[in-house]
Chemist: 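I'd like to ask you about the structure that follows.
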There are 2 protein chains.
Amino acid sequence: MAAGRLFCTEGYGSTSTYAIARAAGISQATMYHYFAGKHEILLALLLETVRPSVEYAEQLAASPEPPTDRLRKLVAYDARLLASGEENLGSLYLLPELGDERFAPFHAERQRLFETYRELVAACQGSSLEDAHPAASLVLGLVESLILRRRNEPHMLEDDIATRIADAALRIVQA
Amino acid sequence: MAAGRLFCTEGYGSTSTYAIARAAGISQATMYHYFAGKHEILLALLLETVRPSVEYAEQLAASPEPPTDRLRKLVAYDARLLASGEENLGSLYLLPELGDERFAPFHAERQRLFETYRELVAACQGSSLEDAHPAASLVLGLVESLILRRRNEPHMLEDDIATRIADAALRIVQA
DNA sequence: GTCTATAGATAGATAGAC
DNA sequence: GTCTATCTATCTATAGAC
């Protein structure tokens, strides 16, 4: 969590292993007993952060509820996750360093999440998966815009922000 | 531009002044003849990137057109800017290092942009500036979601993506 | 205005005692 | 499992020749 806080606020390349260790209350060398390097810490944080969403999404995809209800639930769930927690861990998704191939396992998980969004949007629109792609991107983008908003104005988030985002998402999909 | 490319793809803290200079075809020391440090390069890139949007927005704010037309134009303009250019320079906005006070001039410019969005949304909704804040955040978030989308799937952007985003934005505002 | 050379600090990672 | 000590590499920035 010490690393998560620093990666989100200072950046990955700008955070030294010494700074992480100091924030965690251990020596810099001790860190290497648990992680082979800085990249393994970030990967662990990324997977921990995205997995609850993927699990919820795939469980929801198998539910018999109407697709609009399921999409609303998924959007609201992800928005609440991004808005909660002491740190704005969603901003780990914004790090340019994620292009490194070492973080491919995270991208695979996030791709699974997107696929579920796309299936739900297709079901809502009665369209093919291909045709649902643009709207699904807009919806996921709307959800993840909460990351930047939380960074830029952390004290101005409405209590009902997850509901607001879900409303907006459904209005986009019901074109 | 060499620095812009590297900051966007590798990150700010992960990009060395040596790497920038090499990409620009000069020596690392020569860089210091033009910039006092790496931060000044990033600041120059940020201001160059955001200023066209601010200027267009403030010019549009003084136009006699109906507010919904103006909001649509502004959203489409910003989306086209973010989607264009060889590099995805909008992703400079996502760097965690922007929290450093040296980049305050950029945040001031972006705040001016947001204020114009808020005024237009308020005019569209016939509401106060305070009440327009949440919707304006959603709209700007929708526009800027293009940054992440361009990073994650650069070859899957629709030709009419700016129009799509403008449509979605108006649907959110016209609640 | 551009370069080479280099200072001085800090980085990630390892060795080995306890 | 945690530490101190340290290696080697790399970093930002400066000095000074041309």
Side-chain angles (χ1 to χ4, degrees), chain A residues 1-49 87-89 91-107 151, chain B residues 1-49 87-89 91-107 151:
Chain A
M1 292 315 298
R5 178 181 299 111
L6 287 165
F7 291 160
C8 289
T9 56
E10 314 281 335
Y12 177 75
S14 299
T15 297
S16 68
T17 55
Y18 176 77
I20 297 169
R22 177 163 38 90
I26 59 173
S27 76
Q28 187 256 355
T30 298
M31 218 193 65
Y32 287 86
H33 181 71
Y34 298 94
F35 298 95
K38 200 166 71 162
H39 60 281
E40 280 201 2
I41 304 181
L42 177 54
L43 181 57
L45 284 164
L46 287 166
L47 292 177
E48 263 184 33
T49 305
E87 304 304 321
N88 188 8
L89 288 183
S91 61
L92 298 174
Y93 300 173
L94 309 183
L95 296 173
E97 288 90 344
L98 262 53
D100 189 294
E101 60 182 4
R102 289 150 147 178
F103 304 115
F106 161 71
H107 292 293
R151 179 190 289 174
Chain B
M1 293 315 297
R5 178 180 301 112
L6 288 165
F7 291 160
C8 289
T9 56
E10 314 282 335
Y12 177 76
S14 300
T15 298
S16 68
T17 55
Y18 176 78
I20 296 169
R22 178 164 37 90
I26 60 174
S27 76
Q28 187 255 355
T30 298
M31 218 193 65
Y32 286 86
H33 181 72
Y34 298 93
F35 298 95
K38 201 166 70 163
H39 61 282
E40 280 201 1
I41 304 181
L42 177 53
L43 181 57
L45 285 164
L46 287 167
L47 292 177
E48 263 183 33
T49 305
E87 303 305 320
N88 188 8
L89 288 183
S91 61
L92 297 175
Y93 301 173
L94 309 183
L95 296 172
E97 288 89 344
L98 262 53
D100 189 294
E101 59 181 6
R102 290 149 146 179
F103 305 114
F106 162 72
H107 292 294
R151 180 190 289 173

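Computed over heavy atoms, backbone and side chain alike; hydrogens, waters and symmetry mates excluded. None of these values were measured; they are calculated from a predicted model.
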Chemist: For the pair made of NE2 in H39(A) and P in dG12(C), what is the distance, rounded to whole Å?
Modeler: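 From H39(A) NE2 to dG12(C) P: 12 Å.
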Chemist: Is there a residue in residues 94-107 of chain A whose heavy atoms reach under 4.0 Å of DNA chain D, and which residues are they?
Modeler: none
Chemist: Can you tell me the distance, in whole Å, between the CD1 atom of I41(A) and the P atom of dA13(C)?
Modeler: 10 Å
Chemist: What residues form a side chain to side chain contact (heavy atoms under 4.5 Å, CB included) with A23(A), not counting sequence neighbours?
Modeler: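 A2(A), L6(A).
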Chemist: Just the table, please: protein N/O against nucleotides 1-3 of chain C N/O, every pair under 3.5 Å.
Modeler:
from   : atom 1 : to     : atom 2 : distance (Å)
dT2(C) : OP2    : Y34(B) : OH     : 2.2
dC3(C) : OP2    : S27(B) : N      : 2.8
dC3(C) : OP2    : S27(B) : OG     : 3.2
dC3(C) : OP2    : T30(B) : OG1    : 2.7

Chemist: Please collect all ring pair (Phe, Tyr, Trp, His ring centres under 6.0 Å) contacts where either partner lies in residues 13-43 of chain A, sequence neighbours excluded, each pair once.
Modeler: none
Chemist: With sequence neighbours excluded, what pairs up with T9(A) under the side-chain hydrogen bond (donor to acceptor under 3.5 Å, both in side chains) test?
Modeler: none
Chemist: Between atom CZ of F103(B) and atom CG of L46(B), what is the distance when rounded to the nearest 0.5 Å?
Modeler: 7.0 Å
Chemist: What salt bridge (Lys or Arg N to Asp or Glu O under 4.0 Å) pairs are there with at least one residue in residues 26-48 of chain B, not counting sequence neighbours?
Modeler: none
Chemist: Who passes side-chain hydrogen bond (donor to acceptor under 3.5 Å, both in side chains) against T17(A), sequence neighbours left out?
Modeler: Q28(A)
Chemist: Go through the structure and list residues passing salt bridge (Lys or Arg N to Asp or Glu O under 4.0 Å) with R22(A), not counting sequence neighbours.
Modeler: none
Chemist: Sequence neighbours excluded, which residues qualify as salt bridge (Lys or Arg N to Asp or Glu O under 4.0 Å) partners of E87(B)?
Modeler: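 Once residues adjacent in sequence are excluded, the partners of E87(B) under the salt bridge (Lys or Arg N to Asp or Glu O under 4.0 Å) criterion are R5(B).
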Chemist: Hey, what do you get for CD1 (I41(B)) to CG (L45(B)), rounding to the nearest 0.5 Å?
Modeler: 7.5 Å
Chemist: Expected output is a numbered-order residue list: members of residues 2-23 of chain A with a heavy atom under 4.0 Å from any atom of DNA chain D. What is it?
Modeler: none
Chemist: Donor-acceptor pairs under 3.5 Å, side chain of residues 92-101 of chain A to any protein atom, not counting sequence neighbours: which ones?
Modeler:
from    : atom 1 : to      : atom 2 : distance (Å)
E97(A)  : OE2    : G13(A)  : N      : 3.2
E97(A)  : OE2    : S14(B)  : OG     : 2.7
D100(A) : OD1    : R102(A) : N      : 2.7

